[in-house]
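Working notes, beginning with the structure itself.
Note on naming: letters A, B, ... go to the chains in the order of the sequence lines (proteins, then strands), and numbering restarts at 1 for each one.
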Protein chains: 2
Amino acid sequence: MFDQFPGLGEEAKIAFEKELDSLLVDKGGLLEQEGKVCDHLYFIIEGSARSFYRKENKDITVSFSLEGEFLTAMHSFISRKPSYENIEAMEKTKVARIKYESLLKLFEKHHDLERTYRLILERYYVSLEEQLIFSKFKSARDRYLDLMDYRPKIIQRASVGQIATYLDMSIETLSRIRGKI
Amino acid sequence: MFDQFPGLGEEAKIAFEKELDSLLVDKGGLLEQEGKVCDHLYFIIEGSARSFYRKENKDITVSFSLEGEFLTAMHSFISRKPSYENIEAMEKTKVARIKYESLLKLFEKHHDLERTYRLILERYYVSLEEQLIFSKFKSARDRYLDLMDYRPKIIQRASVGQIATYLDMSIETLSRIRGKI
DNA sequence: CTGATTATTTGACTTTTCTCAAAAGATTAT
DNA sequence: ATAATCTTTTGAGAAAAGTCAAATAATCAG
């Protein structure tokens with residue numbers, strides 16, 4: 001879990017792992033729900049998830065997460081306000097999670113853990129920024145081709161509808177793009 | 001500068017301020033340039049700035065910042081890779097800034113400063129997420145109306161062209177929207 | 001102040017993507 | 001296995017926003 005964060009000491013790791021709580025969710029099961037404050041930072045051990053929200057009875061996918069990645073409804077987790085996001089398992093998925101409160105407590109004792117969290121946050125930020133820019137300046141077709149290049153696994157695991165809202169185009173447009181490759 | 005971050009102790013503030021470096025930039029002057037690693041976190045004391053990048057000889061505005069706000073080419077600042085962003089003063093602008101290296105050093109000594117930085121980062125994140133969602137699900141007209149509501153000062157200070165690329169629409173479309181309010 | 005440059009607005013037309021509708025293909029529960 | 005449901009594909013027409021071009025308006029340098 002922390003291979004990617006070499007600065008983290010053994011002591012902090014152990015303390016962190018003590019606070020972890022593990023969870024198995026079925027396909028379609030919700031890890032987080034809109035309207036509630038998101039209290040957990042998740043780590044996907046196995047499986048995949050997507051976060052989405054609802055607009056006029058449609059699900060709009062905001063992000064996809066695969067095993068080995070941290071995940072939360074960051075906006076709510078940070079701001080402590082009710083989330084507008086839902087997080088749903090895309091298949092049978094195993095996650096570890098830690099409570100917001102526990103995390104803050106651990107920060108008091110383990111400086112290096114707060115740093116690691118900061119790094120996770122930074123990653124989150126960078127990927128969001130890439131997503132913004134990428135969505136801003138490319139045609140529907142290029143957004144799809146980019147996704148194929150950078151995150152091919154998502155195309156294998158997510159439905160056309162989920163991918164379409166993620167890429168900000170209609171299902172029909174995506175279907176037509178796929179037909180023409 | 002730190003009024004918004006009550007958790008920060010006097011000692012850390014003093015140490016931080018010691019590392020600050022103040023700068024006056026003329027209208028159009030560049031604080032950061034694409035291709036270079038961004039080494040500074042800025043704070044706008046007076047004036048305003050925008051960050052943008054170039055695509056096919058056009059400037060695409062990514063964000064606007066006003067006095068009292070922290071600002072950097074976050075992607076590069078975080079990743080230590082060359083920036084694709086430029087940051088430019090929109091008028092005569094006074095900034096304070098700290099070097100990336102100095103900041104990291106201060107983190108070693110002042111845990112509360114690293115926390116404050118984390119909070120700045122969180123804010124950055126939240127505003128980026130809002131921008132993404134906001135750009136994703138609104139019509140050109142609604143994006144403009146939202147900007148008028150949330151950041152009216154930007155509309156007063158930035159040019160039509162700058163606002164148009166920020167809102168991801170053509171200059172002509174924005175001009176027509178403005179004509180019809 | 002004045003000509004030159006740059007920014008904004010307006011018009012006509014094009015392109016991209018959307019919406020609605022229907023058909024075809026999968027998936028799920030009984 | 002089969003009906004029922006959900007997802008994907010395909011077609012046709014509509015809407016939103018883009019492009020190109022020209023006219024105004026604003027800003028800047030000498």
Please check if atom CD in E130(B) has more than 12 non-hydrogen atoms from other residues, nucleotides or ligands closer than 6.0 Å. yes
Restricting to side chain to side chain contact (heavy atoms under 4.5 Å, CB included), what partner residues turn up for S159(A), sequence neighbours left out? Q162(A)
What string of B, S and - do you get for nucleotides 10-26 of chain D, 5' to 3', when a contact is any protein heavy atom under 4.0 Å? BBB----SSBBB-----
Min side-chain heavy-atom separation K99(A)-L104(A) under 4.5 Å: no
Shared ILVMFWY cluster between L121(A) and Y125(A), side chains joined below 4.5 angstrom? yes
Could you check if a side-chain atom of V62(B) sits within less than 4.5 angstrom of a side-chain atom of Y166(B), using non-hydrogen atoms only? no
Would a 4.5 Å heavy-atom cut-off, applied to side chains only, mark R54(B) and D59(B) as touching? yes
Rounding to 10°, can you tell me the angle the first-five-pair axis of the helix from dC1(C)-dG30(D) to dT30(C)-dA1(D) makes with its last-five-pair axis? 60°
In a check of side chain to side chain contact (heavy atoms under 4.5 Å, CB included) between S48(B) and each of M90(B), K27(B), E88(B), which one passes? M90(B)
Closest heavy-atom contact between L71(B) and A49(B)? CD2-CB, 3.8 Å
Starting at CG of L167(A) and ending at C1' of dC18(C), how long is that distance when rounded to a whole Å? 16 Å
Is the distance between the ring centroids of F70(A) and Y124(A) under 6.0 Å? no
Aromatic ring proximity, centroids under 6.0 angstrom, H75(B) and Y84(B): yes
What residues 150-158 of chain B contributes to the DNA chain C interface at heavy-atom separation below 4.0 Å is none
E67(B): partners by salt bridge (Lys or Arg N to Asp or Glu O under 4.0 Å), with sequence neighbours left out: R157(B)
At a cut-off of 3.5 Å, list every protein nitrogen or oxygen paired with a nitrogen or oxygen from nucleotides 24-30 of chain C, distance to 0.1 Å.
none

Does the separation of the ring centres of F2(A) and F16(A) fall below 6.0 angstrom? yes
